[in-house]
2 protein chains.
Amino acid sequence: MRRMTARPANAHQARLLKLLRDGGPNSRAQLGDQVDLSRSKLAVEVDRLLETGLVVADGLAASRGGRRSHNVRLNPQLRFLGVDIGATSVDVAVTNAELEILGHLNQPLDVREGPVAVFEQVLSMAAKLRATGLAEGFDGAGIGVPGPVRFPEGVPVAPPIMPGWDGFPVREALSQELGCPVMVDNDVNLMAMGEQHAGVARSVADFLCVKIGTGIGCGIVVGGHVYRGTTGSAGDIGHIQAVPDGRPCACGNRGCLEAHFSGAALARDAVEAAQQGLSPELAVRLEAHGALTAVDVAAAAAAGDATCLDLIREGGTRTGQVIAALVSFFNPGLVVIGGGVTGLGHTLLAAIRTQVYRQSLPLATGNLPIVLGELGPTAGVIGAARLISDHLFSPA
Amino acid sequence: MRRMTARPANAHQARLLKLLRDGGPNSRAQLGDQVDLSRSKLAVEVDRLLETGLVVADGLAASRGGRRSHNVRLNPQLRFLGVDIGATSVDVAVTNAELEILGHLNQPLDVREGPVAVFEQVLSMAAKLRATGLAEGFDGAGIGVPGPVRFPEGVPVAPPIMPGWDGFPVREALSQELGCPVMVDNDVNLMAMGEQHAGVARSVADFLCVKIGTGIGCGIVVGGHVYRGTTGSAGDIGHIQAVPDGRPCACGNRGCLEAHFSGAALARDAVEAAQQGLSPELAVRLEAHGALTAVDVAAAAAAGDATCLDLIREGGTRTGQVIAALVSFFNPGLVVIGGGVTGLGHTLLAAIRTQVYRQSLPLATGNLPIVLGELGPTAGVIGAARLISDHLFSPA
DNA sequence: CGCTCTTTGTCCTGCGAGTGGAAGAAGTCT
DNA sequence: AGACTTCTTCCACTCGCAGGACAAAGAGCG
């Protein structure tokens with residue numbers, strides 16, 4: 001199949017495409033109810049979309065008491081590639097134009113191996129997905145990297161945990177390889193977009209999405225749009241000071257949130273606890289695997305290990321302190337907690353909530369839900385697909 | 001003169017009005033260069049604005065090498081009232097439609113005396129300004145109050161330092177009294193709008209405006225628009241914890257920024273220092289006035305008083321810690337420091353800068369100016385005028 | 001099975017906004 | 001005085017689009 005290259009010609013078409021993306025197949029009449037256009041105008045624009053091939057007819061809808069309407073939907077052959085590069089693993093997924101995941105692969109991979117190695121991996125995963133017949137090619141790709149990005153150019157800038165990537169033309173390179181448009185963003189922003197599109201943050205205009213993985217970051221959504229800051233580093237909350245004169249951090253300061261609570265910090269604390277004999281559970285696991293991760297801590301905590309519960313609670317409290325400050329400042333309508341560490345579940349959430357509700361003003365917390373993300377590891381790739389679809393479904 | 005009641009009929013007219021407000025008198029040709037409309041269309045819209053009386057002819061412009069063009073400008077008889085209610089004083093100013101201050105009054109007044117007393121004062125100040133012949137009436141008024149506001153309704157909500165105001169229909173009441181449209185906002189947001197319109201923040205899309213007065217607040221501007229949060233309490237940073245287990249605060253927590261540094265905290269610290277004999281300078285002033293304020297501390301510091309310099313530096317450091325966190329989170333293009341305490345000047349600014357540059361990541365601080373506001377006490381009233389003009393110069 | 005009512009889709013006409021050319025008005029410069 | 005610029009108005013023509021009329025397709029009912 002030839003890949004689609006068409007773009008909407010005007011704002012009306014863009015609007016219609018997004019409605020079809022978010023609402024699935026729709027009749028002309030239903031579309032008409034949502035867009036405030038005259039029937040004639042609507043018909044013209046839909047016809048033009050049909051001509052481009054972005055939209056196809058999709059049979060008849062059920063009758064609503066009169067003549068049945070002809071459904072239209074986004075071309076079911078459209079394919080987006082969503083790539084979520086984490087610090088220690090890579091997710092690649094294929095979606096249709098409605099951003100439903102058709103296939104999803106996950107591979108452990110250290111981002112510090114550099115862009116060339118990572119790209120090789122990503123491309124081979126994409127090829128594998130394509131080989132299953134899910135896609136013959138891609139109409140667009142979104143990709144998230146664990147660090148700040150100069151968004152318009154799609155280039156990482158001064159990423160602390162992925163030094164080899166600074167200035168690497170991710171967008172350009174991937175676009176070349178895949179032969180389709182590509183957009184690049186911070187992984188945390190993509191998670192926020194994912195939860196906004198298909199998760200807990202549907203219909204919330206202003207919210208924060210805190211991702212606790214190897215590091216800690218925060219996606220900021222203002223008025224339904226991701227806010228990236230002046231240089232693309234907005235939401236970089238891992239190096240906010242959580243403990244005065246606390247632990248030394250890789251960034252050169254002391255007491256950074258990330259140094260006290262994150263996947264990396266938790267693993268280190270767990271090993272320490274195991275070695276000091278504070279937690280038999282962890283000691284057993286350390287013996288077995290030779291290393292510990294947040295998963296081990298979660299399992300031990302679930303088994304009732306007091307040390308692990310304390311670790312989680314303390315981390316949650318630290319995180320809660322920082323979030324409390326951000327809530328006072330930003331007054332969001334929702335706070336989503338996500339990332340690898342969410343396996344720690346409700347112990348963590350409870351600690352965070354306690355701290356936020358205690359430290360922020362009632363007006364800001366009064367009706368503020370603090371919840372775990374709904375999509376887990378798929379949030380990032382869905383967000384990536386959403387990113388590129390937003391781009392492609394905007395007037396050129 | 002009959003007050004203007006017209007509003008722009010469409011987005012083009014709104015655009016033109018804002019250009020005339022921000023750029024002063026302009027020829028049709030110059031306007032044409034800025035708005036991407038055909039000459040004919042432009043002429044039609046300008047004519048309509050002339051008909052409404054919002055815009056008037058203003059003589060001939062200088063020649064640019066050919067026929068001289070006819071200037072147009074906003075009606076010079078338009079008057080806006082800007083009101084800035086602080087915790088301990090009230091500012092009232094009259095501006096023309098270009099937001100130039102024609103008259104400005106300031107009166108000490110405790111906001112806790114309640115809305116009725118404050119309104120009486122504000123109205124009498126407005127009457128006094130009118131009596132000087134500056135205005136025969138007002139076409140709109142903007143008003144800022146020192147606490148959170150439910151913006152669409154113009155009603156203060158749960159304001160900590162002005163308890164009697166909770167739910168008081170400020171917008172409604174003032175609109176009745178003045179007989180013109182009124183908009184209400186947080187005083188800090190108005191300061192941000194003021195600095196954006198006529199101060200240091202011109203041409204910056206994303207910035208923070210930290211106001212240190214009796215309390216501490218922060219105006220947030222995203223993409224050129226003030227961000228107010230879900231419940232209108234965004235920017236309420238005075239109760240972010242700056243010192244773990246620090247001083248008790250009126251809000252019930254401990255260690256709030258406001259409890260450690262603000263006009264009120266500084267006054268208290270100064271009195272304490274004077275009484276303990278740590279600062280002869282302050283002791284003299286306390287003797288003379290029976291009380292101390294930030295002004296006394298500033299004067300003593302300027303005279304080289306070590307205790308006062310320490311007070312300022314410590315406060316700046318605390319503030320800088322909080323701002324550093326916000327900078328990491330928000331990645332602004334500019335941070336403006338304003339409010340009554342800015343009399344402390346560069347000692348304060350230096351302390352804040354040191355702390356921010358030390359604690360935030362280089363990517364966020366790399367090109368981040370941290371500066372004092374340019375407008376001083378007029379920022380609020382200019383912002384207030386800007387608020388109402390933005391409202392009136394938008395399609396109805 | 002035929003009739004009526006409802007919903008959907010298409011066609012068509014008329015209105016009105018807006019573009020861009022052309023001419024006229026007003027100035028500058030040589 | 002004449003040539004060239006710049007600004008403004010006028011006007012004819014185009015094009016988008018709203019909204020009514022009509023046709024198509026189905027549901028419900030007797």
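Chain naming here is simple, since letters A, B, ... match the order of the sequence lines and numbering starts at 1 in each.
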Please answer whether the main-chain N or O of L134(A) pairs with a side-chain N or O of R79(A) as donor and acceptor at a distance below 3.5 Å. yes
Roughly, in whole Å, what's the span from CD in Q30(B) to C1' in dT6(D)? 13 Å
Decide side chain to side chain contact (heavy atoms under 4.5 Å, CB included) for H391(B) and R7(B); before the verdict, give the C-alpha distance in whole Å, the side-chain angles of both, and the deciding distance to 0.1 Å. CA-CA 9 Å; H391(B) 177 69; R7(B) 294 278 291 275; 4.1 Å; yes
V55(B): what forms a side-chain contact (heavy atoms from CB on, under 4.5 Å) with it, not counting sequence neighbours? L17(B), L20(B), L49(B), L50(B), V72(B), L74(B)
Measure CD/Q13(A) against C1'/dG16(D) and give the value in whole Å, please. 14 Å
When rounded to whole Å, the CG to C1' distance for the pair L37(B) and dC7(D) reads 17 Å
Before giving the answer on side chain to side chain contact (heavy atoms under 4.5 Å, CB included), spell out for V35(A) and E45(A) the whole-Å C-alpha distance, their side-chain angles and the decisive distance to 0.1 Å. CA-CA 12 Å; V35(A) 292; E45(A) 297 298 359; over 6 Å; no
For atom NE2 of H70(A) and atom P of dA25(D), their distance in whole Å: 8 Å
Quick check against the 3.5 Å criterion: does R15(A) have a side-chain atom that pairs as donor or acceptor with the backbone of Q34(A)? yes
Side-chain donor/acceptor of R171(B) to backbone N/O of P152(B), under 3.5 Å: yes
Rounded to the Å, how far apart are R28(A) CZ and dG9(C) C1'? 8 Å
Picking from dT8(D), dG18(C), dC17(D), the nucleotide nearest the side-chain atoms of H12(B) would be dG18(C)
For T230(A) and N331(B), indicate whether the former's side chain and the latter's backbone hold a donor-acceptor pair under 3.5 Å. yes
Between C1' of dG16(D) and CZ of R48(A), the distance in whole Å: 9 Å
Reading nucleotides 20-30 of chain C from 5' to 3' and marking B where a protein heavy atom lies under 4.0 Å of the base, S where only the sugar-phosphate is that close, and - otherwise, the string is BBB-BBBBS--
Rounded distance (Å) that lies between atom C1' of dG19(D) and atom CG of L42(A): 14 Å
In whole angstroms, how far is the C1' atom of dT19(C) from the CD atom of E45(B)? 14 Å
Could you please spell out the steps behind the side chain to side chain contact (heavy atoms under 4.5 Å, CB included) verdict for L102(B) and N96(B)? CA-CA 7 Å; L102(B) 306 178; N96(B) 59 14; 4.1 Å; yes
Net bend of the helix from dC1(C)-dG30(D) to dT30(C)-dA1(D), end axes of five pairs each, nearest 10 degrees: 10°
Given the rule in the side chain to side chain contact (heavy atoms under 4.5 Å, CB included) test, do M193(B) and D390(B) qualify, once you have shown the distances and angles that lead to the verdict? CA-CA 11 Å; M193(B) 294 180 78; D390(B) 268 351; 3.8 Å; yes
